[in-house]
Amino acid sequence: MFQTATTLMRLLEFTDSAFPVGTFSNGLETAAEEHIVHDAATLEHYTEDIALQSAYTDGIAALQAYRHCRKGDYRLILETDKSLLCCKMNSEARRMICRMGKKLAELSGHIFPDATISLWLEDINQRNTPGTYPVAQGLLFAACSLSERNLFCSQQYGAMNMVLSAALRCVKVSHFDTQRILFKLSEKTEALYNDVRELDTEDMNAFVPSIDILASLHEKGIQRMFMN
C-alpha cells in the first residue's frame, strides 16, 4: 500500500519508460535475426528469461544498495556496485548499465539534492566505482523513501519493458501482444521478490547461457534498431 499520493507519483515517474536515462535491448535484435524470437510466444519466453536473470543480478544489487544507503554504509554501496559489474558477461551490458547509472545520478541531482548520490556521482567521475544503473535505482528509491518492494517492481518492470518496447521494432508482434506479455509476467514479480529479498551480492547469479550467447553475437552484429 502506498503511504501517500506523492510516493505513488514518484514511483510512476521513476518507472516511466520516458524517464530520460537511456535503454538497451538485451540482444533482442540478434535473437530476432536468428529467428529465435519471431512471434508473441517466443518473445514471452525471451522476456521471462531476461526478467529472471535480471532479478538475480540487478534486483539483488538494487535491494542491497537501497539497504546500505538506508543504513548509511557507503563502503558497501561501492562494493555492491563493483560486484554487479562482475556479473555482466558481455561488454554492451557493462557499458550500458554504467551509462544509465551515471545518467540517473546526474538527473537526480537536477531534481532533488541528496548527499549520498552526489558523493557516488563524484566517485563515478573519478573512476572509483563503475556507477551501475541498479545501484543508482537503489540510492534513488532510498533517498525518496520509497519501499524496497517498490524498487524491485520498478527494476523488473524496466527490464521487461525494455525488451518488449524493442520487440515492436523488430519482431512481428503488436502492442496488444507486448502488453499482454507484460501483464502476464508481472504476476510473477512478487514470487521473484520473495526469492531474492534474503539474498546477498555473493548470491548473484547471471547464468542464462542463451541470453549471454546472443548478447555476445549482438556486440559484433550489424543489426541495430536505434542508438540511445
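A single hydrophobic cluster is not seen to contain both L76 and L78; linkage of ILVMFWY side chains at heavy-atom distances under 4.5 Å, directly or through other members, places them apart.
Note that OG1 of T116 is 13.0 Å distant from NE2 of H68, once rounded to the nearest 0.5 Å. Expressed to the nearest 0.5 Å, how far NZ of K102 lies from CH2 of W120 amounts to 11.0 Å.
Listed for the D177 side chain is a donor-acceptor partner under 3.5 Å among the backbone atoms of S174. Using a distance-only test at 3.5 Å, with no hydrogens or angles considered, a donor-acceptor pair links the side chain of N194 to the main chain of E190. Of the possible polar contacts, none joining the S165 side chain to the M162 backbone as a donor-acceptor pair under 3.5 Å is found. Side-chain N or O atoms of Y133 include none that pairs as donor or acceptor with a backbone N or O of K103 at under 3.5 Å. Counting only distance, with no hydrogens or angles, the side chain of D58 and the backbone of A55 share no donor-acceptor pair below 3.5 Å. The closest donor-acceptor contact from the side chain of D16 to the backbone of F19 lies at 3.5 Å or more, if one exists at all. Using a distance-only test at 3.5 Å, with no hydrogens or angles considered, no donor-acceptor pair links the side chain of N161 to the main chain of Y157.
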**Request:** Step by step, work out the side-chain hydrogen bond (donor to acceptor under 3.5 Å, both in side chains) result for S154 and T15.
**Result:** CA-CA 6 Å; S154 180; T15 308; 2.9 Å; yes
**Stepwise side-chain hydrogen bond (donor to acceptor under 3.5 Å, both in side chains) test for D81 and T132** = CA-CA 6 Å; D81 199 23; T132 60; 2.6 Å; yes
**Message:** Determine whether Q155 and S54 satisfy the following criterion, side-chain hydrogen bond (donor to acceptor under 3.5 Å, both in side chains), listing intermediate values before the conclusion.
**Reply:** CA-CA 8 Å; Q155 184 276 317; S54 182; 2.3 Å; yes
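Note: F152 and Y193 have tilted aromatic rings, judged against thresholds of 30 and 60 degrees for the angle between ring planes.
A salt bridge does not link K188 to D195: none of the charged side-chain nitrogens sits closer than 4.0 Å to a carboxylate oxygen. Comment: E29 does not engage R169 in a salt bridge, judged by the lack of any side-chain N to carboxylate O separation of less than 4.0 angstrom.
Atom CZ of R67 has more than 12 heavy atoms from other residues, nucleotides or ligands within 6.0 Å. Within 6.0 Å of atom CZ in F112, more than 12 heavy atoms from other residues, nucleotides or ligands are found, so the atom counts as buried in its surroundings. The number of heavy-atom neighbours closer than 6.0 Å to NE2 of H38, taken from other residues, nucleotides and ligands shown, is above 12.
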